[in-house]
Amino acid sequence: MKKSSHAFTLVELLVVIVIIAILAGIALPVFQKSQEKARAISDLSNLRQLGIGVQAFKGDNDGNLPDGKTNAGSQTWPQQMFTYVSSWKSFKSPFDTRALVDGSATSTTAVVSYGFNGKNGTGTGASTNGLLGADSSKFNFPSNLIMLAPKQDAATTVKFSGTSATDLVVLPAESGGSLTLPRGTHLTRARINVVFADGHSEDIPFVKFIDDSKPSASGGGKMRWIYDDSGA
C-alpha cells in the first residue's frame, strides 16, 4: 500500500514563523534583563574589590587614600592601587564597552572605568582634590560619604573614557551634565553602584547618588559627596 505524505502548506509555515517570532519577542526582554543584572553584579564586585584594595592601601599609608603625588611619586591612583587589586579587570566596568587593556604599575593606557570622589571638602583639613590623598581617619560621615563610583562622561548613554594615565575623579554632575538627568549605569540609568568611605558597597538609586547636600543642625542632608572633618 502506498503511504501518503503530507507537506506543510504555506499557511502552516507562516503560522509556525509567527509563533517563533512571538516566543522570541517574549524571551528577548527577559534575556536582556538577565544580562543587565549580571553586569550590575559584576560591576558591584569590581567596586568591592577596589574598596578592599583601598582599605589595604590605607593600612600601608597611615590611613591616607591614594593621591598620585605624596604616597607613590608621580603615579596616578590606579597605578598606586595596582598592587592591591588582583587584576586590571577590576578597574573596567562591564558597562564599559571599550576593549580591555591590561596594564602594570606604570601603565598609562589601561582602561579605567571608576573614579574617586572629586568633590571639594569643607572641613579644616579637607582636600581641594576631593578624597584623593585625604586622611580617612578624619572622615566624620564615612558610611554616607561616596568614595568610588563609575566615572562616566556627560552623555545621554553610558560612556567611559578614563585610563590609568589620569587621576580619575567623579562628581555628582560631570561637566556638561545635569543633576536631574538620570545617568546611572543600569536599570534604564536609574541606579548606580558605589563604594562608601567606610568600605561598604551598594547599588543605589541615581537620585540618591546626586545628593551632595551637607547635614544641617536640624538633621537634613546626607553627606554623600562632601568631605567634612570639622566635627560639625
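Along the sequence shown, residues are numbered consecutively beginning with 1. Predicted model, so just to flag it, every value in this text is computed and none were measured.
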Please check if the side chain of [X] supplies one atom and the backbone of [Y] the other of a donor-acceptor pair under 3.5 Å.
{"X": "N117", "Y": "W225", "result": "yes"}
{"X": "D96", "Y": "K92", "result": "no"}
{"X": "Q80", "Y": "Q75", "result": "yes"}
{"X": "T166", "Y": "L168", "result": "no"}
{"X": "D62", "Y": "N64", "result": "no"}
{"X": "S164", "Y": "Q79", "result": "no"}
{"X": "N61", "Y": "G63", "result": "no"}
{"X": "T108", "Y": "A165", "result": "no"}
{"X": "S93", "Y": "F95", "result": "yes"}

Straight-line distance of [X] [atom1] to [Y] [atom2], nearest 0.5 Å:
{"X": "R191", "Y": "K208", "atom1": "CZ", "atom2": "NZ", "value": "8.5 Å"}
{"X": "N46", "Y": "F91", "atom1": "CG", "atom2": "CZ", "value": "10.0 Å"}
{"X": "S161", "Y": "K151", "atom1": "OG", "atom2": "NZ", "value": "6.0 Å"}
{"X": "N193", "Y": "F209", "atom1": "CG", "atom2": "CZ", "value": "10.5 Å"}
{"X": "I41", "Y": "E36", "atom1": "CD1", "atom2": "CD", "value": "11.0 Å"}
{"X": "R183", "Y": "I210", "atom1": "CZ", "atom2": "CD1", "value": "8.5 Å"}

Q: Any chance you could lay out the side chain to side chain donor-acceptor pair (under 3.5 Å) test for D167 and T76, step after step, and finish with the verdict?
A: CA-CA 5 Å; D167 270 328; T76 61; 4.5 Å; no

Q) For F206 and R189, what are the C-alpha separation, side-chain angles and deciding distance, and is it a side chain to side chain contact (heavy atoms under 4.5 Å, CB included)? A) CA-CA 8 Å; F206 185 72; R189 309 206 76 185; over 6 Å; no

(Q) Is there a side chain to side chain contact (heavy atoms under 4.5 Å, CB included) between M81 and Q49? Walk through the geometry before answering. (A) CA-CA 11 Å; M81 286 291 299; Q49 289 297 318; over 6 Å; no

Q: Could you give me the CA-CA distance, side-chain angles and deciding distance for S143 and D198, then say whether side chain to side chain donor-acceptor pair (under 3.5 Å) is met?
A: CA-CA 5 Å; S143 63; D198 66 348; 4.9 Å; no

Q) Given the rule that I, L, V, M, F, W and Y join up when any side-chain heavy atoms are under 4.5 Å apart, are F57 and V169 in one cluster? A) yes

What is the minimum heavy-atom distance between [X] and [Y], and which atoms define it?
{"X": "W88", "Y": "G103", "value": "NE1-C, 2.7 Å"}
{"X": "L145", "Y": "L131", "value": "CD2-CD2, 3.9 Å"}
{"X": "D102", "Y": "A110", "value": "C-CB, 4.3 Å"}
{"X": "H186", "Y": "A40", "value": "CD2-CB, 3.8 Å"}
{"X": "I146", "Y": "I204", "value": "CD1-CD1, 4.5 Å"}
{"X": "V111", "Y": "R98", "value": "CG1-NH2, 3.2 Å"}

Q: Under the side chain to side chain contact (heavy atoms under 4.5 Å, CB included) rule, what do Y114 and S90 come out as? Steps first, then yes or no, please.
A: CA-CA 10 Å; Y114 306 105; S90 297; over 6 Å; no

Q.
Using the rule given for side chain to side chain contact (heavy atoms under 4.5 Å, CB included), can you reason through V194 versus L47, listing the C-alpha separation, both sets of side-chain angles and the distance that settles it, and then say yes or no?
A. CA-CA 7 Å; V194 300; L47 282 163; 5.6 Å; no

Would you check if [X] and [Y] make a side-chain contact, meaning some heavy-atom pair closer than 4.5 Å?
{"X": "L50", "Y": "V85", "value": "yes"}
{"X": "I226", "Y": "F141", "value": "no"}
{"X": "F160", "Y": "P150", "value": "yes"}

Q) Is the distance between the ring centroids of W77 and F82 less than 6.0 Å? A) no

**Q.** Crowding at NZ, K159 (>12 non-hydrogen neighbours, <6.0 Å)
**A.** no

Q | Carboxylate-amine/guanidinium proximity below 4.0 Å for E202 and R48 | A | no

